Amino acid sequence: ALRSIPESFDHAVFFVMNVSLLLMTTGVAFFGAFYLVQLIRYYPLLMHNIYEVLPGEPHKAGMAIMTALVLVTPLLFGLGIYGLCLFWVLFFWSYGRRKERFLHFLFLLFTAVGPFYMGGLHLGMELLHNDWTQAVIHHQDGVSDDAGIAALVRLTAHNPRDDSLFFMLGTAHKKRGEYAEAEARLEKAVFLNPNMAIYYNNLGNAFYANRDLVKAVDMYKQAIVHDPQIAASYFNLSAAHRDQLMLKESETEYNKAKELDPDRISYYVNILGPSYNRILIDETFTKEWLTRRFADQLFSMAGMHLKGFAFFWENALYLIAPMVMFIALFPLHYVRKRFGIARRCVKCGAVYCRRCQTSVQMDLVCSQCIHVFEKQSGVEVKQRTKKIIEIRRYMDEKMETRRILGILIPGGGYIYSGRFLKGFLLLSFIVVLLVYAFFWDFLCQDPMTVWAVSWSTRLWFMIPALLLYGLSVIHLYRPRV
């Protein structure tokens with residue numbers, strides 16, 4: 001589906017809705033992995049800051065328990081995972097670098113837009129499964145059974161000004177050979193909307209079936225006037241002229257039809273042979289018209305849903321909380337910057353801040369590493385060797401953490417090492433394939449593409465996911481030069 005544009009209206013709508021659902025799922029998965037990595041990376045720094053704020057010499061085990069309780073405060077107050085992630089933005093903003101702060105900002109934007117996005121998806125799914133859309137899908141597929149006719153009759157009774165319903169009902173009657181009913185419904189559609197060329201075309205076919213060639217020819221000509229690019233109208237007019245023994249005009253109209261749409265006309269000619277114009281072509285709604293109509297209905301439903309600010313009131317937490325968090329970030333960041341934010345030495349991994357280490361000359365390197373490697377005078381070989389061992393141990397711990405995260409979370413190792421785009425692409429690809437392999441019920445159920453796929457066929461989606469996951473793990477375990 002990602003390599004081609006769906007041709008029919010129903011496939012196009014299902015495709016757009018499923019892509020939207022997958023985008024939301026991918027965003028939730030990525031930000032969940034990102035904040036889990038943030039917690040693992042900056043938990044010691046946060047614990048060090050709390051340790052420096054408290055008086056005396058708190059026990060390290062007690063400090064760890066206290067820090068964990070502080071981090072899960074939103075859960076204790078019933079705010080859920082949403083509130084938890086927003087709360088972590090406040091803690092981790094100051095520790096992160098520019099790329100991480102940009103992702104924090106994207107998360108705040110994601111949470112602010114999320115309610116509208118999910119509300120739009122909900123309305124879209126409602127519209128996708130309502131009676132009008134199902135009637136359109138049946139109309140496009142040429143369904144004209146008793147259930148379809150009854151559904152269209154009910155819809156016309158509730159929506160007597162909707163010309164599209166009368167057009168679909170008249171076309172369905174025509175396909176069943178009920179030409180009198182077809183003429184009545186199609187004339188009603190033309191009366192309600194006299195600017196649709198396809199209405200005239202199908203009404204002409206109903207007149208032709210009743211052998212009223214004069215009215216049929218008039219309808220085909222009206223269709224051509226309103227839209228001269230519809231090949232079916234010329235083809236049908238050619239058939240009517242031939243029955244009127246107007247062979248020259250018939251040939252002219254046929255050539256015009258073939259010029260406009262050679263593939264479609266050749267299709268009918270190949271089926272019928274010499275009697276190619278003894279069959280008529282019924283028109284259906286174009287994909288462009290259906291897309292506009294679907295979008296208009298969606299915006300109309302959204303406008304009714306937003307009326308009276310009920311939607312805003314129901315989602316006040318999700319709308320106000322990101323803005324409050326964003327405003328609170330700046331003063332909190334300034335205060336923590338002013339009194340000293342805990343850092344971690346990029347060489348040995350030691351956690352320090354301004355209170356416990358005043359002689360900081362480099363922002364990301366502890367004073368001990370500066371003394372050992374920069375001010376080399378008076379440094380014993382034993383002390384330098386010990387520091388080199390600490391650095392090596394810290395580098396090995398970082399590498400092992402990255403590998404473990406890469407195994408537990410697809411793309412987690414890349415997120416931990418700061419390669420956020422690579423981690424996002426890997427995680428997104430695997431999430432999409434997992435959804436298509438095992439969680440089809442999460443998507444909009446398109447009967448032509450979902451229900452027709454067997455369980456064994458779905459397992460094939462796992463092959464590229466496992467292959468990509470395996471390659472990412474191998475890449476994390478490659479020998480270090």
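Any value given below was found using the heavy atoms of this structure, including those in side chains, with hydrogens, waters and symmetry copies removed. On a predicted model such as this, the values are computed, not experimentally measured, just so you know.
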Quick one: side chain to side chain donor-acceptor pair (under 3.5 Å) partners of [X], sequence neighbours excluded?
X: Arg176; answer: Asp146, Glu178
X: Asn195; answer: none
X: Arg293; answer: Asp162, Ser164
X: Tyr414; answer: His475

Interatomic spacing from CZ in Phe191 to CG in Asp163 - rounded to 0.5 Å
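Spacing of CZ (Phe191) from CG (Asp163) equals 11.5 Å.
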At what distance, to the nearest 0.5 angstrom, does OH of Tyr254 lie from CG of Asn236?
13.0 Å
In chain order, what residues pass the side-chain contact (heavy atoms from CB on, under 4.5 Å) check against [X], with sequence neighbours excluded?
X: Leu109; value: Val113
X: Leu471; value: Leu467
X: Thr252; value: none
X: Pro194; value: Tyr200

Just by distance, no angles: are the side chains of Tyr208 and Asp243 close enough, under 3.5 Å, to form a donor-acceptor pair?
yes
Taking atom types as modelled, find out whether Thr171 and Asp282 have a side-chain donor-acceptor pair closer than 3.5 angstrom.
no
Donor-acceptor contact below 3.5 Å, side chain [X] vs main chain [Y]:
X: Arg403; Y: Leu476; value: yes
X: Thr156; Y: Leu152; value: yes
X: Asn159; Y: Arg161; value: no
X: Ser238; Y: Tyr234; value: no
X: Ser266; Y: Asp263; value: no
X: Asn201; Y: Ile230; value: no

Quick one: which of Leu165, Leu203, Leu169, Asn202 gives a side chain to side chain contact (heavy atoms under 4.5 Å, CB included) with Arg185?
Leu169
Does Phe105 have any ring-ring contact (aromatic ring centres under 6.0 Å, His included) partners at least two apart in sequence or in another chain, and if so, which?
Phe326
Should we count NZ of Lys422 as having more than 12 external heavy atoms under 6.0 Å?
yes
Tell me, which pairs form a salt bridge (Lys or Arg N to Asp or Glu O under 4.0 Å) where one or both residues lie in residues 94-121, sequence neighbours left out?
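Qualifying pairs, neighbours excluded: Arg41-Glu100.
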Salt bridge between Lys175 and Glu181, side-chain N to carboxylate O under 4.0 Å?
no
Would you check if Tyr199 and Glu283 make a side-chain contact, meaning some heavy-atom pair closer than 4.5 Å?
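No, their side chains stay 4.5 Å or more apart.
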With a 4.5 Å limit on heavy-atom distance, are the side chains of Ile265 and Ile281 in contact?
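Heavy-atom side-chain distance check passes, below 4.5 Å.
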Side-chain donor/acceptor pairs under 3.5 Å, residues 214-224, sequence neighbours excluded:
from	atom 1	to	atom 2	distance (Å)
Tyr220	OH	Gly204	O	3.3
Tyr220	OH	Asn205	N	3.4
Tyr220	OH	Asn205	OD1	2.7

Once you measure the plane-to-plane angle for His139 and Phe167, does it fall in the parallel (<30°), tilted (30-60°) or perpendicular (>60°) bin?
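If you compare the ring of His139 with that of Phe167, the planes turn out perpendicular.
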Could you pull out every donor-acceptor pair under 3.5 Å between side chains of residues 22-39 and any protein atom, sequence neighbours left out?
from	atom 1	to	atom 2	distance (Å)
Thr25	OG1	Leu21	O	2.8
Thr26	OG1	Leu22	O	2.8
Tyr35	OH	His104	ND1	2.9
Gln38	NE2	His104	NE2	3.4

